[in-house]
Each structure stands twice: as C-alpha cells, then as structure tokens.
Amino acid sequence: MAGAIIENMSTKKLVIVGVALLLCQAFTFMVGGLIAPSPTTAVPYLATKCVDTIKHRQESKWFMPWGPNQCHKIRSFDEATAKMIEANNIVFAVHIPLPNKEMSSWFQFMLVILQFDIAFKMYNQIEDGAMVTIDVGLAYRDDTISEWTEMAHSFEQRKLSCNFTTAKTYENEGRYYECDLMPFMEVGSVSHKYYLLNMRLPVNERKKVNVGIGEIKDIRLVSIHQNGGFTQVWFAMKTFLTPSILIIMIWYWRRITLMSRPPVLLEKVILALGISMTFINIPVEWFSISFNWTWMLLFGDIRQGIFYSMLLSFWIIFCGEHLMDQTERNRFSVYWKQVGPIVFGSFCLFIFDMCERGVQLTNPFYSIWASDVGTELAMAFIIVAGICACLYFLFLCFMVFQVFRNISGKRTSLPAMSKARRLHYEGLIFRFKFLMLVTLICAAMTVIFFIISQVNEGHWHWGEHTVQVNSAFFTGIYGMWNLYVFAIMFLYAPSHKRYGDEQSSGQCITGDAGANSGEDIQLTTTITHVDGPTEIYKMTGKEAQE
C-alpha cells in the first residue's frame with residue numbers, strides 16, 4: 001500500500017473531511033449549550049427538629065418532617081429546654097426531595113453537603129479542633145404510604161471549621177459563626193423516589209462527645225444531583241458515538257492486517273486508543289435507569305482513568321516515533337521513562353478513588369475529607385495532579401518542537417528534488433505539522449478539563465470559589481475526544497492505492513502532479529513497506545535516508 005490516507009488523499013478531500021469534523025465539534029458544543037440543561041442541580045434543605053419521646057427504642061423509628069405522619073416538632077432549642085427535652089431526644093429530619101416532588105433514576109447520583117448554623121455564646125464557644133459526632137440513618141421508599149426501609153446507618157465525625165468575624169463580646173452574642181461546608185453523604189445511584197435522613201447529635205460529657213461545639217441552632221443540607229435532561233443528552237451522545245468509533249476501529253485494523261508487513265508500534269497504539277475510546281463510550285449507564293447500581297460512579301472513574309492513560313501515552317509515543325532513530329523505533333520498551341509515570345499516576349488515582357468511592361459503596365456517609373489527614377491528602381492530590389498535568393503538557397510541547405525542528409532540518413534537501421516531488425513533500429510536512437498542532441490543542445483542552453473537573457469536584461469540600469462547568473464544556477470535550485480518535489484512525493489507515501502495472505508508485509507519490517520516476521519508486525517502496533506507515537514517519541528519523 002502506498003502510505004497512509006493523510007499522505008495520499010487529495011487536499012480538497014482532506015479539507016472537506018476537516019470541515020466536517022470541525023462542524024461536528026461545533027455541534028457537540030451546541031448540544032450541551034443549547035439543548036442540555038446545566039449538568040447538576042443543588043437543592044437546599046433545612047432540617048426539622050423532631051422530638052423522640054420513646055426512651056427505650058426496640059426498633060428503629062423514622063421521623064417525617066411533614067405529611068400525614070409527621071413528627072412532633074419544636075422550633076428551637078430554647079423551646080426544648082423549656083419543655084425539659086434532652087438533646088439526645090432531638091432528631092433532625094430531612095426529606096429528599098421537597099414536598100410534592102420525587103427523585104428519579106435519571107439523576108444518577110446524589111451528593112449531600114452539610115452546614116451548621118452555630119450561634120456565638122460567651123459561655124459556650126467553639127473549641128479549637130472541635131469534632132461533631134452525628135448518629136445518622138438513611139431510609140428510602142417508592143411511594144407515600146409504604147414503610148421506610150433503612151438503607152444505611154452510621155456514626156460519623158466531622159471537624160468544625162468556623163470563624164467569628166466580629167469581636168467575641170457579650171454584645172455580639174447570638175450572631176452566627178461562618179462555618180465551612182462539610183461533605184456528608186454520596187450515593188452512586190438514585191433508584192428510589194423518596195429518601196429520609198434522620199440525624200442525632202448525641203451528647204456525652206464524660207466521653208467528651210459533642211462537647212465544645214458551640215450552640216447549634218439549625219442544620220442545613222444541600223443536595224446535589226445530575227439533571228435528568230443532561231443525563232438524557234449525555235446518554236444519547238454515548239449511544240450515537242459508540243458505533244461510530246467501533247466501525248472506524250474495525251475498518252482501520254482490517255486495512256492494517258491486509259498489508260504485507262506486520263503492524264508497527266504506532267499503528268498498534270492507535271488501535272489501543274480506539275479500544276479505550278470505545279470502552280468509555282459504551283453506554284452501560286442505560287442499565288442504571290432500571291437497576292440500583294451504586295458502583296456506577298466508581299466504574300465511570302475507572303473508565304475515564306484508563307482512557308486518560310491511553311491518550312497521554314499515545315501522544316508521547318506518537319511524537320516519539322517521529323523522533324527516534326531507525327534502531328530504536330517500533331519498540332515499546334524505549335518509552336518506559338515517559339509512559340511509566342503516566343501508568344503510576346493513574347494507579348495512584350485509582351487508589352485514591354477507591355479510598356473514597358470504594359468505601360462509599362458500603363457506607364455512603366464516609367468521606368476522605370472528614371479527617372485532617374484525609375483533607376491534606378485530598379488537597380495534595382488535587383494540587384499535584386494539576387501540576388503534573390501542566391508539566392506533561394509542557395513536555396509534550398517540547399517534543400512537538402523537537403519534531404518540528406527535526407523536520408525543518410530535513411527540508412534542506414528539498415530544493416535538490418524535482419518540482420513535483422518537492423511540492424509533494426512540502427504538502428506532507430504541512431499536513432503533518434497541522435495534525436501536530438491539532439494534537440496540542442486537544443492536549444491543552446484535555447489538561448484544562450482534567451484540572452477544572454478535579455477542582456470542581458473538590459470545591460464543596462474545601463470552601464473556595466465555586467467553579468461552574470457548564471454542559472457545553474462537558475459535551476464539547478467529550479465530542480472532541482471522539483472526533484480526534486476518529487480522525488487519527490482514519491488519517492493513519494493505509495491508503496487504498498496499490499502498486500500495480502497500471503498504476504506506478506510514482507503516481508501514488510506525486511498525486512495530481514503525476515510525476516513518475518525511478519527515484520520516486522525507490523523512495524516509496526523503502527518507506528511504506530519496510531520502515532513504517534507514512535513517509536513522514538521515515539523522513540523524521542534521525543538516520544532517515546535522504
């Protein structure tokens with residue numbers, strides 16, 4: 001076969017393909033920006049103070065904040081004190097969702113954030129390092145008349161991080177502390193219509209449980225879930241893109257296997273990239289609509305991690321194969337210094353994810369952010385991940401610069417060639433450079449998306465500014481990955497043009513120019529059948545024949 005499609009396709013056809021891909025890219029952004037709603041919705045709740053009058057509970061009782069079987073409520077702790085109600089008998093009840101609404105499996109996940117309203121009192125101030133112990137239970141039901149079924153129960157501790165911005169004097173008593181938001185619960189599947197949270201703040205002065213936490217007035221929660229409309233658009237995109245990538249991948253590998261030579265490393269890596277893209281595309285999320293698969297969040301993180309690893313490794317090998325000399329090419333072992341850190345970083349990401357979402361499969365109230373060590377570890381991970389992503393992009397830019405410099409050195413031999421052959425190689429160089437620049441743009445967008453997604457996931461936990469990631473960015477980046485993989489497999493597939501008596505290799509080389517010389521035949525044969533898939537692949541090598 002006479003090289004790859006990127007070399008042999010006419011400029012007019014390449015422009016048409018490029019414009020079509022660009023329009024598809026614009027369409028993916030518009031789908032998110034014009035059709036899909038925002039990715040998530042946050043709903044605030046104020047916990048209702050219920051009174052538990054049963055001193056010896058034989059079985060768990062669930063307290064409803066409203067409805068026909070609502071609990072006996074009090075408005076404030078002052079009222080509880082007046083009625084001689086102990087703190088241990090007060091239950092904070094929150095029903096999710098609000099009245100006359102219901103949850104849906106299209107919401108995919110439910111993240112709950114906790115915040116305390118704490119009033120300043122001179123005799124009851126918040127101590128340094130104060131920890132709040134919460135006895136919390138989660139129940140569910142699918143209609144308004146059934147009994148509540150317990151889903152999880154746990155004793156959790158959360159560290160208070162509150163500041164009092166004014167002077168601590170008697171005149172300022174009653175003012176509220178400014179307390180940071182705290183992670184409280186995360187459920188990986190919203191398969192039930194109604195959820196109920198019952199929380200107690202047990203007090204035990206002897207064991208120093210809930211002592212020195214100030215005068216808590218109210219408990220506020222914020223429930224965050226994925227919008228059903230965004231979920232439908234997201235599933236539709238995955239359903240449409242899965243067969244597209246799968247078909248082009250099969251077509252690409254079939255063309256590779258039809259060649260007389262074995263596949264080179266670059267072609268194998270392109271196939272692996274297509275497989276990883278297909279893996280992340282497969283819309284298994286459709287099953288989460290009918291099944292209570294709480295592990296879908298973890299599974300989604302694993303799929304995305306595999307794709308990230310493959311994409312970052314592909315870019316390194318893609319540039320490296322155009323820099324290595326002929327003896328080092330086509331060997332995966334020479335890239336262990338570059339690919340090794342990517343694999344190690346992905347493994348660390350997997351371990352970190354298992355420490356949070358892996359544990360949440362059995363205890364949805366667990367959070368790595370709940371402890372000082374966990375918070376420092378999580379913050380360190382976000383910072384290090386962002387720095388490594390930026391360093392990777394700079395290293396990739398350096399490799400692309402080396403490839404461009406290497407090609408510029410080879411261009412000194414072009415003036416000695418015939419006009420048709422010189423124009424041919426100048427066209428190849430321009431096409432290859434353009435593809436490398438597109439690769440850099442995709443890498444930059446991927447790094448930005450990775451950093452923003454990490455910060456956006458953590459901003460609830462460490463109380464900084466909220467980063468708004470809209471639907472257009474999600475769908476646009478996801479579409480960009482698919483279009484890039486599609487373009488790479490299409491452009492680097494072997495051309496359908498073959499050598500034969502009727503069509504000489506010189507015609508394949510020069511295309512519309514139609515030059516046919518023995519020199520061209522020898523060059524093409526050397527490139528396409530011995531060394532690699534493209535002429536640029538041969539030309540950029542350190543020991544490439546001039």
Set out, in order, the CA-CA distance, both residues' side-chain angles and the distance that settles side-chain hydrogen bond (donor to acceptor under 3.5 Å, both in side chains) for Gln338 and Tyr392, then state yes or no. CA-CA 10 Å; Gln338 294 86 5; Tyr392 171 86; over 6 Å; no

Using the six-membered ring wherever Trp is involved, compare the ring planes of [X] and [Y] and label them parallel, tilted or perpendicular (cut-offs 30° and 60°).
X: Phe155; Y: His153; result: perpendicular
X: Phe107; Y: His225; result: parallel
X: Trp315; Y: Tyr484; result: perpendicular
X: Trp481; Y: Phe307; result: tilted
X: Phe291; Y: Phe287; result: tilted
X: Trp295; Y: Phe299; result: perpendicular
X: Trp251; Y: Phe490; result: parallel

Find out whether [X] and [Y] are in side-chain contact, i.e. whether some heavy atom of one side chain is under 4.5 Å from a heavy atom of the other.
X: Leu271; Y: Met249; result: yes
X: Ile134; Y: Phe92; result: no
X: Met199; Y: Phe184; result: yes
X: Phe486; Y: Leu21; result: yes
X: Arg431; Y: Leu491; result: no
X: Met182; Y: Ser161; result: no
X: Ile5; Y: Arg255; result: yes
X: Gln402; Y: Arg405; result: yes

Are Thr446 and Tyr308 close enough that a side-chain donor and a side-chain acceptor fall under 3.5 Å?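 Side-chain D/A pair, Thr446 to Tyr308: absent.
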
For Gln125 and Tyr177, which I'm curious about, is there any donor-acceptor pair between the side chains at under 3.5 Å?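 There is no such pair between these side chains.
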
Pair listing, side-chain hydrogen bond (donor to acceptor under 3.5 Å, both in side chains) test, anchored in residues 379-391, at least two apart: none

Could you check whether any side-chain N or O of [X] sits under 3.5 Å from a backbone N or O of [Y], counting only pairs where one atom can act as donor and the other as acceptor?
X: Gln360; Y: Tyr366; value: yes
X: Glu376; Y: Val373; value: no
X: Thr242; Y: Asn281; value: yes
X: Tyr335; Y: Glu321; value: yes
X: Gln25; Y: Gly476; value: yes
X: Asn163; Y: Thr165; value: no
X: Tyr492; Y: Tyr252; value: no

Are Leu114 and Met185 close enough, and set up right, to give a side chain to side chain contact (heavy atoms under 4.5 Å, CB included), and what steps lead you there? CA-CA 9 Å; Leu114 174 68; Met185 182 186 74; over 6 Å; no

Quick one: [atom1] on [X] to [atom2] on [Y], what's the gap to the nearest 0.5 Å?
X: Gln226; Y: Thr231; atom1: CD; atom2: OG1; value: 3.5 Å
X: Lys337; Y: Ile316; atom1: NZ; atom2: CD1; value: 14.0 Å
X: Thr28; Y: Leu483; atom1: OG1; atom2: CG; value: 6.0 Å
X: Trp234; Y: Thr239; atom1: CH2; atom2: OG1; value: 12.0 Å
X: Phe434; Y: Thr439; atom1: CZ; atom2: OG1; value: 10.5 Å
X: Asp117; Y: Cys162; atom1: CG; atom2: SG; value: 10.0 Å

Can you sort out the partners of Ser105 under side chain to side chain donor-acceptor pair (under 3.5 Å), two or more places apart, ordered by chain and number?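 Partners of Ser105 by the side chain to side chain donor-acceptor pair (under 3.5 Å) criterion come out as none, since no residue qualifies.
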
Using every non-hydrogen atom in the two residues, find where [X] and [Y] come nearest and quote the distance to one decimal.
X: Met399; Y: Gly320; answer: CE-N, 3.5 Å
X: Lys217; Y: Ala119; answer: CE-CB, 3.7 Å
X: Ile113; Y: Pro183; answer: CD1-CA, 4.4 Å
X: Ser313; Y: Val339; answer: OG-CG1, 3.7 Å
X: Asn210; Y: Met131; answer: OD1-O, 4.1 Å

Ser288/Gln108 under side chain to side chain contact (heavy atoms under 4.5 Å, CB included): CA gap, chis, key distance, verdict: CA-CA 8 Å; Ser288 66; Gln108 293 294 287; 3.3 Å; yes

Report the residue from Asp135, Ile219, Thr133 that forms a side chain to side chain contact (heavy atoms under 4.5 Å, CB included) with Leu201.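 The side chain to side chain contact (heavy atoms under 4.5 Å, CB included) with Leu201 is passed solely by Ile219 among Asp135, Ile219, Thr133.
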
Are the ring centres of Tyr176 and Phe120 closer than 6.0 Å? no

